[in-house]
Amino acid sequence: MHSNHLLLEEPIRMASILEPSKAGFFPAMTKIVGTLGPRSRSIDVISGCLNAGMSVARFDFSWGDSEYHQETLENLRTAVKSTKKLCAVMLDTVGAEMQVVNKSEKSISLQQDDVVILTPDEGQEASSQILPINFAGLVKAVKKGDTIFVGQYLFTGSETTSVWLEVDKVEGVDVVCMIKNSATLAGALFTLHASQVYIDLPTLTDKDKENISTWGVRNKIDFLSLSYTRHAEDVREAREFLSKLGDLSQTQIFAKIENVEGLTHFDEILQEADGIILSRGNLGIDLPPEKVFLFQKAALYKCNMAGKPAVLTRVVDSMTDNLRPTRAEATDVANAVLDGSDAILLGAETLRGLYPVETISIVGKICSEAEKVFNQDLYFKKTVKYVGEPMTHLESIASSAVRAAIKVKASVIICFTSSGRAARLIAKYRPTMPVISVVIPRLKTNQLRWSFSGAFEARQSLIVRGLFPMLADPRHPAESTSATNESVLKVALDHGKTSGVIKSHDRVVVCQKFGDASVVKIIELED
Ligand SMILES: Nc1ncnc2c1ncn2[C@@H]1O[C@H](COP(=O)(O)OP(=O)(O)O)[C@@H](O)[C@H]1O
Ligand SMILES: C=C(OP(=O)(O)O)C(=O)O
Ligand SMILES: [K+]
Ligand SMILES: [Mg+2]
């Protein structure tokens with residue numbers, strides 16, 4: 001496929017693999033999204049997650065009510081204040097998800113070659129004979145021989161708690177299925193996935209709309225994770241919906257690609273969305289196992305070339321119950337970084353796992369090691385070639401800033417930005433050093449009140465590989481005169497020095513605008 005992303009031209013001395021790595025200032029350039037839930041909602045554990053490197057918190061509305069999520073979010077706010085670590089908020093929708101609610105929470109044993117009925121009668125209790133689902137249209141959607149997967153919410157796909165069914169026949173409103181493997185379903189919620197079958201449920205359900213316009217608006221969500229995005233129109237509709245919700249017009253939409261329909265419309269979805277989540281949980285069971293890696297590599301490449309953040313899911317499922325990942329999982333995380341992921345999304349591991357903090361920490365360490373051997377030089381050339389000529393001014397400035405920073409071995413790149421665009425473009429060229437995006441607030445009005453922009457832009461960089469935001473003081477005017485530029489730069493440098501990311505005598509590359517002129521400058525610090 002695309003040439004090697006590993007620095008193989010400098011063969012690694014085998015003994016050097018055994019040397020412990022020095023810890024960098026940031027745990028990793030690759031970001032970690034943690035799903036918060038029962039095992040990760042106390043102030044203590046959330047603080048641990050933030051200190052270990054989580055920079056985006058996902059609130060999955062597939063389960064739990066808005067009060068529950070609100071309580072968790074309040075705890076997150078407290079933890080952010082006490083740890084002084086920024087964290088963005090992502091609302092994940094339910095979308096076209098088929099679910100079985102297991103009210104009694106008793107585990108349900110299913111025997112291979114037995115029959116189980118999927119019924120839309122949600123009044124029934126889930127049992128070994130009958131599973132009530134939230135979708136009445138399944139009888140019309142499936143035919144004999146189709147396969148349906150049922151697993152615990154946030155299933156891993158390998159446990160003995162999930163089951164494959166084969167559709168035998170439809171009977172009235174019910175779908176009669178043969179059980180293909182024995183399993184015991186556990187938990188209060190199971191999700192279903194019908195392979196290659198169109199589920200006629202809206203991508204944004206009424207419940208999703210309500211959650212977004214109440215919980216989402218109240219909490220000014222930074223990201224909307226649009227579950228089961230199937231085509232670009234889904235993203236356009238979500239954008240139209242957000243545009244009427246005040247501040248949420250600034251919310252970024254991350255399209256979640258979770259089925260074959262989303263995969264076939266990937267290019268058009270990528271054009272509309274602000275970012276992509278590669279949901280290996282769902283799509284990973286829809287694809288033949290031998291094809292999963294191909295989807296991952298192709299999709300990440302497309303996201304990288306488009307300069308849009310890509311998030312990969314389901315990496316260390318086994319850490320839900322274990323303190324250490326399997327070798328295959330550890331290698332998979334590193335390959336996700338080499339393939340171009342911006343962020344790793346943890347699901348069951350943080351939500352109900354026994355070791356949420358340790359998981360974040362180990363994933364961060366693996367990412368950091370992989371980043372060290374990421375072939376930036378090759379990647380840079382490929383990206384420049386892909387963009388072609390003539391480049392836009394900003395793209396040329398951004399790529400030059402990265403080039404200069406690598407040539408002079410700068411410790412950081414400082415990028416001034418208001419919209420966040422310049423910082424994102426720099427990140428697109430995957431610099432080997434952190435980029436501090438100094439977001440300059442702009443005064444704006446909605447005809448009713450004045451407010452400052454900037455907070456969304458700053459938090460939204462928390463999902464982009466290599467970007468670390470800093471919100472400038474709103475008293476600094478957004479006009480880029482040399483005096484204001486110098487004073488903001490001084491604040492940024494001081495901030496970098498006190499936090500330890502910049503040291504005396506370091507070189508720093510700065511990207512900013514003076515009047516109409518964009519400049520890239522290299523500064524050498526004294527002490
Ligand atoms: N307030 C500012 N002061 C100085 N330079 C800025 C400011 N905002 C953006 N820049 C610089 O202007 C150029 C355009 O950046 P971009 O992020 O597209 O700006 P905008 O936020 O105005 O869209 C980049 O070189 C960026 O570093
Ligand atoms: C992240 C995924 O979806 P969810 O956790 O919302 O089921 C996935 O399918 O990988
Ligand atoms: K969801
Ligand atoms: Mg999913």
Side-chain angles (χ1 to χ4, degrees), residues 33 35 37 58-64 90-99 149 151-157 189-193 203 205 207-208 211 224-229 254 256-259 262 277-286 292 311-315 317 344-351 392-398 400-401 413-426 435-442 453-454 457 461 472 474 476-489 492 509-521:
V33 183
T35 308
R58 176 174 85 132
F59 294 82
D60 189 358
F61 279 75
S62 277
W63 69 284
M90 173 181 278
L91 185 159
D92 196 301
T93 60
V94 185
E97 179 167 79
M98 290 193 290
Q99 300 184 331
F149 178 89
Q152 181 180 15
Y153 161 68
L154 293 177
F155 53 78
T156 67
L189 179 70
F190 315 136
T191 54
L192 280 77
H193 190 89
T203 300
T205 65
K207 190 80 189 123
D208 287 327
N211 290 332
L224 180 73
S225 157
L226 193 62
S227 295
Y228 300 92
T229 302
F254 274 56
K256 236 164 132 195
I257 309 298
E258 334 204 39
N259 54 25
I277 300 176
L278 307 181
S279 277
R280 300 194 304 180
N282 284 73
L283 187 57
I285 55 167
D286 226 356
V292 177
V311 183
L312 200 80
T313 74
R314 307 296 165 100
V315 293
D317 287 325
I344 299 289
L345 188 154
L346 301 175
E349 304 97 321
T350 48
L351 178 117
T392 64
H393 288 197
L394 193 54
E395 185 113 28
S396 151
I397 290 288
S400 304
I413 298 175
I414 294 182
C415 174
F416 284 45
T417 184
S418 291
S419 65
R421 202 162 45 120
R424 270 198 305 277
L425 267 178
I426 290 180
V435 181
I436 301 187
S437 62
V438 182
V439 182
I440 316 281
R442 263 196 206 130
S453 72
E457 291 79 356
S461 58
H476 284 287
E479 307 89 69
S480 37
T481 66
S482 60
T484 57
N485 267 347
E486 285 314 314
S487 64
V488 179
L489 180 57
V509 165
V510 183
C511 187
Q512 63 188 153
K513 203 161 54 184
F514 285 95
D516 284 340
S518 294
V519 295
V520 173
K521 66 180 182 188

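FYI, the numbering just counts along the sequence from 1. Computed from heavy atoms alone, side chains included, the values below leave out hydrogens, waters and symmetry copies. Every number for a ligand or one of its atoms is a count from 1 in the order of the listing.
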State whether the shortest distance between N or O atoms of F416 and N or O atoms of ligand 1 falls below 3.5 angstrom.
yes
For C511, the ligand 1 atoms with a heavy-atom partner under 4.0 Å come out as 25 (O), 27 (O)
Scanning both residues in full, the closest heavy-atom pair of V315 with E349 reads N-OE2, 3.9 Å
Taking every heavy atom of T35 against every heavy atom of L346, the minimum-distance pair comes out as OG1-O, 2.6 Å
Hey, can you tell me if W63 and Y153 have their rings parallel, tilted or perpendicular (30° and 60° cut-offs)? tilted
N or O pair under 3.5 Å between S227 and ligand 2: no
Heavy-atom check, side chain of I414 versus side chain of V509, under 4.5 Å | no
d(D92 CG, S279 OG) to nearest 0.5 Å is 7.5 Å
Output field for angle at the K ion (ligand 3), S227.OG vs T93.O, rounded to 10°, should show 50°
Counting heavy atoms under 4.0 Å, the part of T417 that contacts ligand 1 is both
Under 4.0 Å from one or more heavy atoms of R58, ligand 2 contributes atoms 4 (P), 5 (O), 6 (O)
In D92, the N/O/S atom nearest the K ion (ligand 3) carries the name OD1
Here the pair of heavy atoms bringing V311 nearest to I344 is CG1-C, 4.4 Å
- Item | Stepwise side chain to side chain donor-acceptor pair (under 3.5 Å) test for E457 and S419 | CA-CA 6 Å; E457 291 79 356; S419 65; over 6 Å; no
Point to revise | Residues E486 and K521 bridged, charged N to O under 4.0 Å | key: yes
Under 4.0 Å between heavy atoms, the region of I277 that gets near ligand 2 turns out to be neither
Logged contact type for L394 with ligand 1, heavy-atom cut-off 4.0 Å, is side chain
Near I440 (heavy-atom distance under 4.0 Å), the atoms of ligand 1 are 1 (N), 2 (C)
Note: ligand 2 atoms sitting under 4.0 Å from heavy atoms of D60 are 6 (O)
The K ion (ligand 3) -> D60, closest N, O or S atom is OD1
Taking both backbone and side-chain atoms of L345, is any N or O found less than 3.5 Å from an N or O belonging to ligand 2?
no
Ranked by distance from atom 1 (C) of ligand 2, the top protein heavy atom is T313 CG2, 3.6 Å
All heavy atoms of D208 vs all of G95, minimum pair found to be OD2-N, 2.9 Å
Under 4.0 Å from one or more heavy atoms of S518, ligand 1 contributes atoms 13 (C), 25 (O)
| Going by distance only, is there an N or O of R314 that falls short of 3.5 Å from an N or O of ligand 2? | yes
For L154, the atoms of ligand 2 under 4.0 Å from one of its heavy atoms are 5 (O)
So the atoms of ligand 2 within less than 4.0 Å of a heavy atom of G281 turn out to be 8 (C), 9 (O), 10 (O)
Restricting to heavy atoms, the pick from V311, L312, N282, I285 nearest atom 9 (O) of ligand 2 would be N282
min-distance protein heavy atom vs atom 6 (O) of ligand 2 -> K256 NZ, 2.6 Å
Correct closest heavy-atom pair for G281 and T313 would be N-OG1, 3.7 Å
Interatomic distance, CD@E258 vs CD1@I277, rounded to 0.5 Å, equals 8.5 Å
key: Side-chain donor-acceptor pair present, S227, K256, cut-off under 3.5 Å   = yes
**OP:** Measure centre to centre between the rings of F149 and F155, then say whether the value is under 6.0 Å.
**Re:** yes
task = Specify whether an N/O/S atom of E97 falls short of 3.4 Å from the K ion (ligand 3).
result = no
Judged by heavy atoms only, the candidate from H393, R424, R442, K513 nearest atom 20 (P) of ligand 1 is R442
Nearest heavy-atom contact between I440 and S418 is O-OG, 3.2 Å
| said: With respect to I397, determine whether any N or O atom, backbone or side chain, lies less than 3.5 Å from an N or O atom of ligand 1. | reply: no
Counting heavy atoms under 4.0 Å, the part of E258 that contacts ligand 2 is side chain
